[in-house]
2 protein chains.
Amino acid sequence: MTMAHNEDQFRQEKIAAFRQVCKQYGIKVTPQRLEIFLEVVRSNNHPTAEDVFELVRKKLPTISLDTVYRTLSTLAECGLVAKVYIIQDRTRFDPNVAHHHHLVCVRCKAIADFQWPELDEVPLPPCVETWGRADAKHLQVLGVCAKCLGQREGATQEPHLKR
Amino acid sequence: MTMAHNEDQFRQEKIAAFRQVCKQYGIKVTPQRLEIFLEVVRSNNHPTAEDVFELVRKKLPTISLDTVYRTLSTLAECGLVAKVYIIQDRTRFDPNVAHHHHLVCVRCKAIADFQWPELDEVPLPPCVETWGRADAKHLQVLGVCAKCLGQREGATQEPHLKR
DNA sequence: GTCGTTGCAAAAGTTTTGCACGTTA
DNA sequence: TAACGTGCAAAACTTTTGCAACGAC
């Protein structure tokens, strides 16, 4: 089938890209890493570590959950997959129950509130309508707060992994 | 001092509002609930349950951490405080590492990606500049997906607590 | 007095870590 | 072969729950 052929080609391209990124970051290509990566690529439902574990286990029955956790972190650091929530620590609470948005400092993890009434006026793109009913927009702006900027002038980004 | 007087007045107003909401939801006003509420109101750093526990413990030394967890959930359900992340379950992963936004179904928790290049063009409100350097905008649109809309037509909202 | 709430303890659930063995480059 | 990565087990950490005693209404 043309379809199957295209899918296989897509897969091969992904594998090639995976190998190249691994080389670039100086990490080894293992069957576990490759299968975990391919499973996330194949997914379209934002799987959890547990989900990936269950899927990968079909091909690699001896894989352990902690390998999946470690590998997903590694892949995220290499930019091969993304964590859905960048700042995912503990639940935080806010006395501000009015509609507002968040400024998140990626260095110190401080969260500030801000209002942006104009954003609520802007209509969402048309594709959203086919998805369902949109009720509320919540914007997370990631950046570096003034205090952290002052402390480490110029240090824009941490180096990834070991190189 | 006028300042202190105003602060005390603010506090009294908050307490009055708290009592009214408790009555409205049919939940009891306990010292633990009141102090936890006031501590979140006083905060300006989006405290975690643990943070609140440490603060409240100064006034109520016998309070337990699980009471803080339970109370914060209760207060959030009554709308007296807000959870910073509405969908806070496990970490999820995404093969889409390009910049994109999320549609989150509050019923089935499914997450869909969407692009909105126009949003990235819109300049942030001026107040953000004083906060620091903004690097990326990530929008979470909360709503109900088409599948869930079809399943439970009309059931827009769950009733809060018991009444 | 009744019934909701608390504190304690234990459990549940997710994620991380130490270590010996195995595998990649 | 020298690191690096894996699997196992146990730990760490956040959050939830069962239950008896307590306290608000």
Side-chain angles (χ1 to χ4, degrees), chain A residues 15 18-37 46-54 56-57 59-78 80-81 83-93 109 160-163, chain B residues 15 18-37 46-54 56-57 59-78 80-81 83-93 109 160-163:
Chain A
I15 292 175
F18 173 79
R19 290 184 178 281
Q20 194 190 322
V21 172
C22 285
K23 179 177 275 184
Q24 183 184 327
Y25 281 95
I27 64 172
K28 291 176 180 173
V29 175
T30 66
Q32 291 91 337
R33 280 181 177 160
L34 183 57
E35 288 305 325
I36 288 167
F37 171 68
H46 302 75
T48 64
E50 185 89 35
D51 295 336
V52 174
F53 174 60
E54 292 302 336
V56 171
R57 197 142 67 141
K59 288 205 174 171
L60 304 173
T62 66
I63 198 169
S64 63
L65 180 56
D66 62 83
T67 296
V68 176
Y69 272 104
R70 268 188 288 225
T71 301
L72 286 171
S73 287
T74 305
L75 297 181
E77 286 180 83
C78 297
L80 286 164
V81 304
K83 286 195 179 187
V84 167
Y85 294 118
I86 291 89
I87 305 292
Q88 171 91 3
D89 56 352
R90 286 171 287 183
T91 305
R92 287 159 175 269
F93 295 88
K109 314 269 196 245
H160 270 164
L161 296 182
K162 57 211 66 177
R163 54 193 71 182
Chain B
I15 292 174
F18 174 78
R19 289 185 178 280
Q20 194 191 324
V21 172
C22 285
K23 180 176 277 185
Q24 182 183 329
Y25 281 96
I27 64 172
K28 291 177 179 170
V29 175
T30 66
Q32 291 89 337
R33 281 183 176 156
L34 183 57
E35 288 305 324
I36 288 166
F37 171 67
H46 301 75
T48 64
E50 184 88 35
D51 295 335
V52 175
F53 174 60
E54 292 302 335
V56 171
R57 196 142 67 141
K59 288 204 173 171
L60 303 173
T62 66
I63 199 169
S64 64
L65 180 57
D66 61 83
T67 296
V68 176
Y69 272 104
R70 269 188 288 224
T71 301
L72 287 171
S73 287
T74 305
L75 298 181
E77 285 180 85
C78 298
L80 286 164
V81 304
K83 285 195 181 188
V84 168
Y85 295 118
I86 292 90
I87 306 290
Q88 172 90 5
D89 57 352
R90 285 171 287 183
T91 305
R92 287 159 174 270
F93 294 87
K109 314 270 195 243
H160 270 166
L161 297 180
K162 60 208 65 175
R163 55 191 73 177

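A note on names: the letters A, B, ... follow the listed sequences, proteins ahead of strands, and every chain is numbered from 1. All of these numbers come straight from a predicted model, not from anything done at the bench.
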Inset, instruction - Would you confirm whether B:Arg33, through its side chain, and B:Lys28, through its main-chain N or O, come within 3.5 Å as a donor-acceptor pair? - result: yes
Legend entry - A:Gln32 vs D:dG7: side-chain N/O to OP1/OP2 distance below 4.0 Å: yes
Inset, instruction - Whole angstrom is fine here: how far is it from CG in B:Leu34 over to C1' in C:dT5? - result: 15 Å
Inset, instruction - Could you check how far CZ of A:Phe53 sits from P of C:dG13, rounded to whole Å? - result: 16 Å
Inset, instruction - Mind checking the CG-OG1 spacing from B:Leu80 to B:Thr71? Nearest 0.5 Å is all I need. - result: 11.5 Å
Inset, instruction - Identify, with sequence neighbours excluded, every residue that meets salt bridge (charged side-chain N to carboxylate O under 4.0 Å, His left out) alongside B:Arg19. - result: none
Inset, instruction - Calculate the interatomic distance between A:Gln24 atom CD and C:dA25 atom C1'; express it in whole Å. - result: 17 Å
Under 3.5 Å, which protein N or O atoms sit close to an N or O of nucleotides 16-21 of chain D? Give each pair with its distance.
none

Inset, instruction - Report yes if at least one side-chain N or O of B:Ser64 is closer than 4.0 Å to OP1 or OP2 of C:dT6; otherwise report no. - result: no
Inset, instruction - Hey, could you give me the CZ/CD1 distance between B:Phe18 and B:Ile36, rounded to the nearest 0.5 Å? - result: 9.0 Å
Inset, instruction - Could you please name the option among C:dT6, D:dG5, D:dG7 that lies closest to any side-chain atom of B:Thr71? - result: C:dT6
Inset, instruction - Rounded to the nearest angstrom, tell me the gap between atom CG in B:Leu72 and atom P in C:dT6. - result: 11 Å
Legend entry - Between D:dA24 (P) and B:Phe18 (CZ): distance, integer Å: 13 Å
Legend entry - Phosphate contact (D:dT6 OP1 or OP2) by A:Thr30 side-chain N/O below 4.0 Å: yes
Inset, instruction - Calculate, to the nearest 0.5 Å, the distance between atoms SG and CG belonging to B:Cys22 and B:Leu75 respectively. - result: 7.5 Å
Legend entry - Whole-Å distance separating the CG atom of B:Leu60 from the C1' atom of D:dA24: 15 Å
Inset, instruction - Between A:Thr67 and A:Lys28, just flag the one whose closest nucleotide in DNA chain D comes earlier from the 5' side. - result: A:Lys28
Inset, instruction - In whole angstrom, give the distance that lies between atom CD of A:Glu35 and atom C1' of D:dG5. - result: 16 Å
Inset, instruction - Mind grabbing the angle between the end helix axes of the helix from C:dG1-D:dC25 to C:dA25-D:dT1? Five pairs an end, 10° rounding. - result: 40°
Legend entry - Results of side chain to side chain donor-acceptor pair (under 3.5 Å) for B:Thr30 - residues two or more places apart only: none
Inset, instruction - Please collect all salt bridge (Lys or Arg N to Asp or Glu O under 4.0 Å) contacts where either partner lies in residues 59-70 of chain A, sequence neighbours excluded, each pair once. - result: A:Glu35-A:Lys59, A:Asp66-A:Arg70
Inset, instruction - Check whether the side chains of B:Thr67 and B:Ser64 place a donor and an acceptor atom closer than 3.5 Å, and report yes or no. - result: yes
Inset, instruction - Would you mind reading off the distance between A:Ile27 atom CD1 and C:dT23 atom C1', rounded to a whole angstrom? - result: 15 Å
Inset, instruction - Just jot down the side-chain contact (heavy atoms from CB on, under 4.5 Å) partners of A:Leu65, sequence neighbours excluded, or say none. - result: A:Glu50, A:Phe53, A:Tyr69
